[in-house]
Protein chains: 2
Amino acid sequence: MFSHATTQLSRIKNTIREQINSEILAEMQKLPSERELSQLFDTTRITIKDALVSLETEGLIYREERRGWYVSPQRICYNPLSRSHFHQMINDQNRIAETKLISVRSEMAAGKYAAALEVEGITPIHIIERLRFIDGRAVLFVENCLKAALFPSILEQPLTQSLTQLYAKHYGYHTQRSRFDVIPTSAPLNVAKALNLSEGQPVLKICRVNYKQDGELLDCEFEYWRPDAVMIQIDSRA
Amino acid sequence: MFSHATTQLSRIKNTIREQINSEILAEMQKLPSERELSQLFDTTRITIKDALVSLETEGLIYREERRGWYVSPQRICYNPLSRSHFHQMINDQNRIAETKLISVRSEMAAGKYAAALEVEGITPIHIIERLRFIDGRAVLFVENCLKAALFPSILEQPLTQSLTQLYAKHYGYHTQRSRFDVIPTSAPLNVAKALNLSEGQPVLKICRVNYKQDGELLDCEFEYWRPDAVMIQIDSRA
DNA sequence: TAGTGGTCTAGACCACTCG
DNA sequence: GAGTGGTCTAGACCACTAT
């Protein structure tokens, strides 16, 4: 009367987990295809997929849509309160960072933007969408939303660098305070596309609002992280 | 030439999402069973389950193992840096908090406990496991790990209240600094059992370490949240 | 004991990526 | 064009919950 000896699912998960822990499967290495795995484990693709999804939830593997499954590299430690910007943070952890500009548009604040910026009247804003890579892998989709009035002609600047640095250099704005929310949820379609996720896969969403030295609200930002790629680290002393 | 008109999956998801947004389905209300839904939508249980899992990832619904699917209530805002303890935080948001003691044990620090407490020699510790409820729903499993030497006879105290308060009242210890990590991952078996999750379902794990007024490490804590139940909120000013 | 979700089989077609 | 994961069908048995 063993309570449920070992399910097929645990058998598959344990085997793959061991292969990863013992580094037979290296970081970022591709797993065999679902069809191959289902032959190797003598089961169906559905069962294999259930096992893979479960390991994905654990943060051990990830997938690129229609490309395959891969072993997750170590998580990046991310301290949203630190002054350090993305490229510096990644470099400090001996990883390689890249940023690609996706799109820029200007419109009037509405919906989630108006709410996040705490504006009610008609307020022109700029929205900058960027995609960020670690070791060549797209892991972070960022949407920045700036009050246009505070940033004349910012769209003529190079936008793949740190915006915070740009704020300081060109406008003399320094972030004095920030507030942010961390929410486990699923990827909206445009985010999923950019990160090579399929619709509805999990992401870690971080919404932040920055205030400048005089306390005025500066900009807000929506970050969508691949959940296996990151771990948030906060120290109340800092 | 529409690119993928609308999948079965989106059709189901959108319908259920609408019913929830329009409050035809109320918070914490049970959805029809998977079999009923598969008849209603004229499809198979697998497809229904895929749709439900996707809505679960989004944070819109949750499940109780082998009991059914339910509509998620509003997320609790949780600021791990605030001085407020669990019951107070929940009350402040007009919800009802409960705490149940699961188990207490004393042993020598090893593995993750030794690492988190930053001890190397043989160190006696107490481990307290508790389950926390919001509006009657089990949403948080907490494991506290205390250096026994700092807390003589603490196990004779009532342990369903705030430990932080107990530290202050009986030992004069005040948390001066804390450090924590937020990690999206999956539930270990004992946690899954306690939260009525099935093995491998997602949780938001928070590992924290507290230091008292003289800078000495006081205790560490492992929190496992149902991911739809919470949103982490940090303000750098606080 | 009836009903639920959890697991599993054995297929199929499609949209997309890659060489 | 070959191969991948994404979606879907039509069933089945089991472990567990609720009553």
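Below, chains carry the letters A, B, ... as their sequence lines are ordered, and counting in each starts from 1.
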Polar-atom pairs under 3.5 Å, protein N or O versus N or O of nucleotides 7-9 of chain D: list them with distances, or write none.
residue, atom, partner, partner atom, Å
dC8(D), OP1, Q8(B), N, 2.6
dC8(D), OP2, L9(B), N, 3.1
dT9(D), OP1, Q8(B), NE2, 3.3
dT9(D), OP2, T43(B), OG1, 2.2
dT9(D), OP2, T44(B), N, 3.3
dT9(D), OP2, T44(B), OG1, 3.4
dT9(D), OP2, T47(B), OG1, 3.1

Short question: side chain of [X], backbone of [Y] - any donor-acceptor pair under 3.5 Å?
| X | Y | answer |
| --- | --- | --- |
| R208(B) | P80(B) | yes |
| T43(A) | S38(A) | no |
| R130(A) | Q161(A) | yes |

Worksheet item: Around atom NZ of K100(A), are there more than 12 heavy atoms of other residues, nucleotides or ligands at under 6.0 Å?
Response: no
Next item on the list: Please indicate whether I96(B) has more than 12 foreign heavy atoms, meaning atoms of other residues, nucleotides or ligands, lying under 6.0 Å from its CD1.
Entry: no
> Is the shortest side-chain N/O distance from R63(B) to OP1 or OP2 of dG6(C) below 4.0 Å?
Replying inline: yes
I need the [atom1]-[atom2] distance between [X] and [N], as an integer number of Å.
| X | N | atom1 | atom2 | result |
| --- | --- | --- | --- | --- |
| I48(B) | dA10(D) | CD1 | P | 13 Å |
| R67(B) | dA15(D) | CZ | P | 18 Å |
| K193(B) | dC16(D) | NZ | P | 8 Å |
| E64(A) | dA15(C) | CD | C1' | 17 Å |

Exactly one of H87(A), E98(A), E223(A) clears side chain to side chain contact (heavy atoms under 4.5 Å, CB included) with R132(A), and that residue is H87(A)
Taking for W69(B) and for N196(A) the nucleotide of DNA chain C with the nearest heavy atom, the one nearer the 5' end belongs to W69(B)
| query | Is R137(A) close enough and on-axis enough to Y62(A), meaning under 6.0 Å and within 45°, for cation-pi? | reply | yes
Side chain to side chain donor-acceptor pair (under 3.5 Å) test vs N196(B) passes for just one of E65(B), R226(B), E64(B), namely E64(B)
Here the residues of residues 29-40 of chain B within 4.0 Å heavy-atom distance, strictly under, of DNA chain C are S33(B), E34(B), R35(B), E36(B)
